[in-house]
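Presented below is the structure to which this report refers.
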Amino acid sequence: MASTRIREARESDCGDIMRMIRELAEFEKLSHQVKISEEALRADGFGENPSFHCLVAEIIPAPGEPQGSLVVGYGLYYFIYSTWTGRNIYLEDIYVMPQYRGQGIGTKIIKKVAEVALHKGCSQFRLAVLDWNKKAVNLYKFLGAQDLTESEGWLSFRFEGEAMRELAGC
């Protein structure tokens with residue numbers, strides 16, 4: 001029987017990660033927002049000063065099975081800083097291919113990110129989820145995450161494109 005392993009991504013995983021980023025964007029109905037390339041992932045995540053870290057979920061076949069290992073999910077995270085609590089970890093993306101969902105792989109990725117957070121001295125583990133993704137919302141709550149929209153009233157904002165250029169005076 002095959003088993004699942006969560007491991008740190010390697011540069012050679014960038015093709016699989018890029019494929020799954022596109023699948024996630026399609027699932028979230030935001031494909032038009034994907035601008036990143038596999039080359040940018042390589043440079044930004046596996047260079048001298050990485051901007052992100054990534055875990056991959058890999059299916060390891062049982063001995064004697066003909067196929068090789070298969071990357072079926074990922075969790076991309078980076079470190080942020082809170083002036084109130086210090087170092088935090090932010091899980092930007094978590095994704096498991098549809099045919100592998102319901103096997104606890106997403107939970108394993110989340111737990112591994114929590115391990116990394118604790119090992120690196122983080123006081124918080126943060127993530128965001130689209131409000132319509134009730135399965136993910138329920139999973140995060142089940143695992144003990146606090147909904148800051150409900151409890152503290154935080155709203156999320158971003159500047160991009162022309163608004164960012166205008167803000168910067170460019």
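Heavy-atom basis, side chains included; hydrogens, waters and symmetry copies ignored. Residue numbers count from 1 along this sequence.
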Hey, what's the ring geometry for Phe52 with Phe46, parallel, tilted or perpendicular (30° and 60° as the breaks)?
-> perpendicular
Does NZ or CZ of Arg10 fall inside the cone over Tyr74's six-membered ring, less than 6.0 Å from its centre and within 45° of the axis?
-> no
Hey, any chance Val116 and Leu118 share a hydrophobic cluster, counting ILVMFWY side chains that come within less than 4.5 Å of each other, even indirectly?
-> no
Close side-chain approach of Lys135 to Leu139, heavy-atom, < 4.5 Å | no
Please report the closest heavy-atom contact between Cys14 and Arg42, naming both atoms and the distance.
-> SG-CG, 3.7 Å
Shortest non-hydrogen contact between Ser123 and Asn88, atoms and distance | OG-ND2, 3.3 Å
Rounded to the nearest 0.5 Å, how far does CG of Asp93 lie from SG of Cys54?
-> 8.5 Å
Heavy-atom pair of closest approach, residues Lys120 and Phe79 = CG-CZ, 3.7 Å
Using the salt bridge (Lys or Arg N to Asp or Glu O under 4.0 Å) rule, take Glu115 and Lys112 through it: C-alpha gap first, then chi angles, then the decisive distance, then the call.
-> CA-CA 5 Å; Glu115 286 177 28; Lys112 187 66 173 178; 3.5 Å; yes
Please walk me through it: do Lys35 and Glu160 pass salt bridge (Lys or Arg N to Asp or Glu O under 4.0 Å)?
-> CA-CA 13 Å; Lys35 308 291 186 226; Glu160 64 182 336; over 6 Å; no
Answer yes or no: does atom CD of Glu166 have more than 12 heavy-atom neighbours from other residues, nucleotides or ligands under 6.0 Å?
-> no
Approximate separation, where rounding is to 0.5 Å, of Leu24 CG and Glu26 CD | 10.5 Å
Can you find a heavy atom in the side chain of Ile89 that is under 4.5 Å from one in the side chain of Ile80?
-> no
Value rounded to 0.5 Å, distance of CG in Leu148 from CG in Leu155 = 11.0 Å
In terms of heavy-atom contacts, does NE2 of His32 have more than 12 from other residues, nucleotides or ligands at under 6.0 Å?
-> yes
Is it true that atom CD of Glu92 has more than 12 heavy atoms of other residues, nucleotides or ligands lying nearer than 6.0 Å?
-> yes
Indicate yes or no: at least one non-hydrogen side-chain atom of Val137 is less than 4.5 angstrom from one of Asp131.
-> no
Report the distance from atom NZ of Lys29 to atom CG of Leu130, rounding to the nearest 0.5 Å.
-> 9.0 Å
Any ring pair (Phe, Tyr, Trp, His ring centres under 6.0 Å) involving residues 136-170? Give me the pairs, sequence neighbours left out, ordered by first then second residue.
-> none
In chain order, what residues pass the ring pair (Phe, Tyr, Trp, His ring centres under 6.0 Å) check against Tyr78, with sequence neighbours excluded?
-> Tyr90
Any donor and acceptor pair, going by atom type alone, linking the side chain of Asn133 with main-chain N or O of Val129 inside 3.5 Å?
-> no
Start with the C-alpha gap between Gln67 and Glu65, add the side-chain angles, then the distance that decides, and say whether side chain to side chain contact (heavy atoms under 4.5 Å, CB included) holds.
-> CA-CA 6 Å; Gln67 73 275 10; Glu65 289 185 5; 3.2 Å; yes
Minimum heavy-atom separation for Lys108 to Ile6, with atom names?
-> CB-CG1, 3.8 Å
Looking at Leu91, Leu127, Ile94, which one forms a side chain to side chain contact (heavy atoms under 4.5 Å, CB included) with Tyr77?
-> Leu91
Nearest atoms (heavy-atom pairs only) where Val34 meets Ala25 | CG2-CB, 3.3 Å
Heavy-atom pair of closest approach, residues Gly73 and Met20 | N-SD, 3.5 Å
Should the pair Glu38-Arg19 be classified as a salt bridge under the 4.0 Å nitrogen-to-oxygen rule?
-> no
For Trp132, look at atom CH2 and say whether over 12 heavy atoms of other residues, nucleotides or ligands are found less than 6.0 Å away.
-> yes
Before giving the answer on side chain to side chain donor-acceptor pair (under 3.5 Å), spell out for Glu23 and Tyr95 the whole-Å C-alpha distance, their side-chain angles and the decisive distance to 0.1 Å.
-> CA-CA 9 Å; Glu23 290 174 13; Tyr95 178 77; 2.7 Å; yes
How far does OG of Ser37 sit from CE of Met18, to the nearest 0.5 angstrom?
-> 7.0 Å
What distance do Thr149 atom OG1 and Glu152 atom CD have between them, rounded to the nearest 0.5 Å?
-> 9.5 Å
Step-by-step side chain to side chain contact (heavy atoms under 4.5 Å, CB included) determination, Val72 to Val56 = CA-CA 8 Å; Val72 299; Val56 293; over 6 Å; no
Can you name the residues that form a side chain to side chain contact (heavy atoms under 4.5 Å, CB included) with Arg5, not counting sequence neighbours?
-> Arg7, Glu58, Ile60
